[in-house]
Amino acid sequence: MTKPSIFGLTIEQLTAWLVEHGQKKFRATQVWDWLYKKRVINFSDMVNINKDCRQLLEAHFSIHTLTEAVKQESKDGTIKFLFKLQDGNLIETVLMRHHYGLSVCVTTQVGCNIGCTFCASGILRKNRDLTGAEIVEQIMNVQKHLDEVGQGERVSHIVIMGIGEPFDNFTNMMTFLRVVNDQKGLSIGARHITVSTSGLAHKIYEFADENLQVNLAISLHAPNDELRTQIMKINRAFPLEKLMQAVDYYLKKTNRRITFEYILLKDVNDHKEEALQLAKLLGSIRHLAYVNLIPYNPVNEHIQYERSEQEAIQAFYETLKGQGINCGVRLEHGTDIDAACGQLRSKQIKKERVRKVKRADTALA
Ligand code: SAH
Ligand code: SF4
């Protein structure tokens with residue numbers, strides 16, 4: 001039987017586990033120091049912890065369960081990692097360089113069931129949720145890469161915007177947030193973390209009730225139900241009225257600004273009319289709303305969509321600004337390396353399928 005990864009435990013859970021197993025409370029802090037500050041990869045390296053305790057941990061937990069399958073580095077310093085999970089599934093993680101620090105984009109599910117019509121991740125349906133540990137390990141692996149490079153760089157920001165719908169894996173996402181945010185560990189500030197959802201309204205209420213300082217982003221992509229349902233079928237279950245009610249609740253409860261993501265698709269949702277509708281939709285909450293306009297990253301499987309022209313992007317931006325809506329155009333990272341969400345993974349899966357077919361052919365020959 002495979003042992004669970006110790007990265008899936010909050011410090012409170014580890015403390016309780018150690019006490020239950022006859023160990024001193026303070027061991028948990030020591031173990032966390034080894035894991036998150038010194039970043040050792042074997043229990044045997046935790047030299048200030050007695051042998052009994054180390055053996056106990058070793059018998060019940062593993063440390064790293066992910067292995068690096070592919071690493072692509074872009075000219076702008078973006079690095080895309082493809083990790084293999086213990087069950088053979090592949091996931092993507094991206095490291096991006098910004099003027100304010102280093103951010104990592106993490107995956108929360110193997111595939112995604114939301115099935116947005118523009119997204120590479122949605123093509124391959126959800127295989128399973130990631131465990132909290134598997135999400136934490138993505139950060140640990142990227143940090144390990146930085147440690148090996150030896151420039152003393154630290155992951156300072158996190159965006160939960162990789163493959164999957166984080167609010168469809170809420171409990172494990174919360175474990176992840178608690179672990180990376182804890183001051184005894186990586187201590188990544190909540191204000192430096194952003195979680196993006198396609199708009200699971202009922203979970204937005206739950207997230208608001210968690211009272212965290214974590215930033216919320218909502219993938220909107222259209223300002224009316226007809227268009228939004230066409231682009232994202234999740235809009236059938238959570239139409240704009242329901243979504244905006246959840247948004248109001250979140251804003252009242254937290255008073256924190258929400259980012260609305262809007263992918264610009266040529267001749268689909270990039271006209272002046274949609275910009276005006278969007279401004280109207282967000283008008284009453286404009287003091288707490290920011291619109292992130294995202295140039296579409298073409299995905300081979302979705303040939304019906306094209307990236308909006310530069311002039312259309314600019315015009316959309318100007319219209320929103322003119323209506324008093326805070327907005328910006330997202331800078332792109334790693335455009336030379338399968339940058340769109342889920343692209344590297346779907347390519348690699350195709351490659352492996354071709355290899356398998358070839359192997360089967362050879363076996364038959
Ligand atoms: N499932 C969540 C988080 C992951 S997707 C969500 O949908 O919000 C993260 C972001 O990547 C979303 O805003 C999504 O719209 C965007 N994205 C997906 N495919 C894209 C593409 N081909 N080009 C540009 N952005 C894309
Ligand atoms: Fe899933 Fe987000 Fe992609 Fe939609 S955009 S299919 S919700 S990962």
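Residue numbers start at 1 and run along the sequence shown. Bear in mind the structure is a predicted one, so any value in this text is a computation, not a measurement. Order of appearance sets the numbers: ligands from 1, and atoms from 1 within every ligand.
With no hydrogens or angles considered, no side-chain donor-acceptor pair links S44 and N42 at under 3.5 Å. Side-chain contact of N169 with Q109: a donor-acceptor pair under 3.5 Å is absent, judged by distance alone. Side-chain N/O atoms of Y249 and D209 include a donor and acceptor closer than 3.5 Å. With hydrogens and angles left out, the side-chain atoms of E318 and Q314 include a donor and acceptor closer than 3.5 Å.
Residues W34 and I49 have side chains in contact (heavy-atom distance under 4.5 Å, counting atoms from C-beta outward).
Taking every heavy atom of V299 and a limit of under 4.0 angstrom, the matching atoms of ligand 1 come to 22 (N). Per-residue contacts place G115 under 4.0 angstrom from the following atoms of ligand 2 (heavy atoms of the residue considered): 6 (S). Residue contact check: G164 has heavy atoms under 4.0 Å from atoms 8 (S) of ligand 2. Taking every heavy atom of E261 and a limit of under 4.0 angstrom, the matching atoms of ligand 1 come to 10 (C), 12 (C), 13 (O). Atom numbering of ligand 1 starts at 1 in the shown order; those under 4.0 Å from a heavy atom of T197 are 6 (C), 8 (O). Here is the list of ligand 1 atoms found below 4.0 Å of a heavy atom in E165: 1 (N), 2 (C). Of all the atoms in ligand 2, the ones that sit under 4.0 Å from a non-hydrogen atom of C112 are 1 (Fe), 6 (S), 7 (S), 8 (S). Close approach of ligand 1 to N297 is summarised as follows: ligand atoms under 4.0 Å from at least one heavy atom of the residue are 21 (C), 22 (N), 23 (N), 24 (C). Listed by number with element, the atoms of ligand 2 under 4.0 Å from a non-hydrogen atom of S198 are 7 (S).
Of the inter-residue distances, the one linking K242 atom NZ with N235 atom CG reads 10.5 Å to the nearest 0.5 angstrom. For the atom pair CG (L216) and CZ (R257), the distance works out to 12.0 Å, reported to the nearest 0.5 Å.
Put simply, part of G162 is less than 4.0 Å from ligand 1, judged by heavy atoms. Distances shorter than 4.0 angstrom occur between a heavy atom of G164 and an atom of ligand 1. Residue contacts with ligand 2 do not include S219, since none of its heavy atoms lies under 4.0 Å from the ligand.
Residues meeting the side chain to side chain donor-acceptor pair (under 3.5 Å) test with S198, sequence neighbours left out: E165. For N326, the side chain to side chain contact (heavy atoms under 4.5 Å, CB included) criterion is met by Y290, not counting sequence neighbours.
Checked against the 6.0 Å centroid criterion, the rings of F7 and Y36 qualify as a close aromatic pair.
For atom 3 (Fe) of ligand 2, the set of nearby N, O or S atoms under 2.8 Å includes one belonging to C119.
Here C116 has heavy atoms under 4.0 Å from ligand 2 in both its backbone and its side chain.
For the pair S219 and ligand 1, the shortest N or O to N or O distance falls below 3.5 Å.
When the options I218, I263, L200, T117 are ranked by their closest heavy atom to atom 17 (N) of ligand 1, first place goes to I263.
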